[in-house]
2 protein chains.
Amino acid sequence: MTKADEIILDLKQQGHKITEVRTELVKILLESDTPLTIIDLIKKLERKKLKPNKTTVYREVEFLRDLEVIEEVDFGEGKKRYEISNQHHHHVVCVNCKTIKDVSMDKDIDSYSKRIIEKTGFKSIGHTLEFFGLCPVCQ
Amino acid sequence: MTKADEIILDLKQQGHKITEVRTELVKILLESDTPLTIIDLIKKLERKKLKPNKTTVYREVEFLRDLEVIEEVDFGEGKKRYEISNQHHHHVVCVNCKTIKDVSMDKDIDSYSKRIIEKTGFKSIGHTLEFFGLCPVCQ
DNA sequence: TTCGATGCAAAGGATTTGCAGATGC
DNA sequence: GCATCTGCAAATCCTTTGCATCGAA
């Protein structure tokens, strides 16, 4: 059983309907090594002969995000990107060619969170951390 | 000489024109303890009896950002916020009441940057780091 | 059958652009 | 006077909403 099958089965067992767009979106996001925009997703669906309305895709990513199957990331581009909820990680984005690589380094960030809780009195803290620079090719 | 005067004088010496909107925007951003949206800025200008067009404000923040007088921050709200370029820092945002507090912790992030450079081959790395949680009042 | 998924059109909000006119220096 | 700032209208881009219909289970 593939990871995609697992996720879809899980959704089904939670009582959600399984549609072709839903299934393919999960597969596309599993196969992508970079967070995708709504437009990216639509283009990839079209290559699979699916032509859902843009609204449907917006609603579908909202659905998958609410169930924590995928995560929303924002690099300050004025649009959102989506990726499968893997082990929590961050990204390095090339400011020139927009290449995105994953980076993980959470233990340390967690220790920050604790310090922030102490200092500010905030609770149940999440965070976003993104790095920007020039990739080896663009330097 | 106030900080605002310093900034304005500096702009003038760089050969830029000084307008009332420009001057007041710098003052407003210096006085704010939280990053402001375009709409926030317009409202604050109106309290000072200035009614610039929204486009003007967009162009003005672009101007000030390009000169690194102010910085753009993005909390994934679908709109940008602006704050005076102070010592580099981060924010804790209350997901409920949207209260924003500053946090600084850069030495550690810098050590991350170094690790990222080593691991990924990226260069001249900047970053964004924002924390989200519930402020003491909203808990 | 039923509830959720879908399409379509329209609206909403943030941001950008083109161009003519006004203004700082 | 000239470069730049400004206003206004329009356009663009991303996202959301309302409503009628369709389809998975």
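Values below: every heavy atom of this structure, side chains too, minus hydrogens, waters and symmetry copies.
Atom CD of Q139(B) has more than 12 neighbouring heavy atoms from other residues, nucleotides or ligands inside a 6.0 Å radius. Other residues, nucleotides and ligands contribute over 12 non-hydrogen atoms within 6.0 Å of the NZ atom of K48(B).
Nucleic acid contact class of R22(B) (heavy atoms, under 4.0 Å, all strands): sugar-phosphate only. Here K54(B) lies in heavy-atom contact (under 4.0 Å) with a base.
In this structure, the nucleotide among dC14(D), dT6(D), dT15(C) sitting nearest to the side chain of K79(B) is dT15(C). Checked against dT6(C), dG7(D), dC8(C), the side chain of N53(A) finds its nearest nucleotide in dC8(C). Taking the side chain of K12(A) as heavy atoms from C-beta on, and the options dT6(C), dC19(C), dA25(D), the nearest nucleotide is dA25(D). When the nucleotides dG24(C), dG7(C), dG4(C) are ranked by their closest atom to the side chain of K17(B), dG24(C) comes out on top.
Computed from coordinates, the I42(B) CD1 to dA14(C) C1' distance equals 11 Å when rounded to whole Å. Between the CZ atom of F63(B) and the C1' atom of dT4(D) there is a distance of 10 Å, given to the nearest Å. Following rounding to the nearest Å, E77(B) (CD) and dT15(C) (C1') show an atom-to-atom distance of 15 Å. Whole-Å rounding puts the D66(A) CG to dG4(C) C1' distance at 14 Å. For F75(A) and dC14(D), the CZ to P distance is 16 Å, given to the nearest whole Å. At whole-Å resolution of the value, CG in D74(B) and C1' in dC14(D) are 13 Å apart. Distance CD1 (I8(A)) to C1' (dA24(D)): 14 Å, rounded to an integer number of Å. As a whole-Å value, the separation of E20(A) CD from dA24(D) P is 10 Å.
Between the CG atom of L41(A) and the CG atom of L36(A) there is a distance of 5.0 Å, given to the nearest 0.5 Å.
Ranked by how close their nearest DNA chain D nucleotide is to the 5' end, R59(B) and G15(B) are led by G15(B). Toward the 5' end of DNA chain C, the nearer of the two residues I38(B) and I18(B), judged by each one's closest nucleotide, is I38(B).
Evaluated for a side chain to side chain donor-acceptor pair (under 3.5 Å) with R65(A), the options E72(A), E60(A), E71(A) yield exactly one hit, E72(A). With respect to I70(A), the side-chain contact (heavy atoms from CB on, under 4.5 Å) criterion is satisfied by exactly one of V26(A), L64(A), N86(A): L64(A).
Within the structure, every side-chain polar atom (N or O) of T55(A) is placed at least 4.0 Å from both OP1 and OP2 of dG7(C). Under 4.0 angstrom from either OP1 or OP2 of dT15(D) there lies at least one side-chain N or O belonging to Y58(A). Between T19(B) and dT4(D), a side-chain N or O to OP1/OP2 separation shorter than 4.0 Å is absent.
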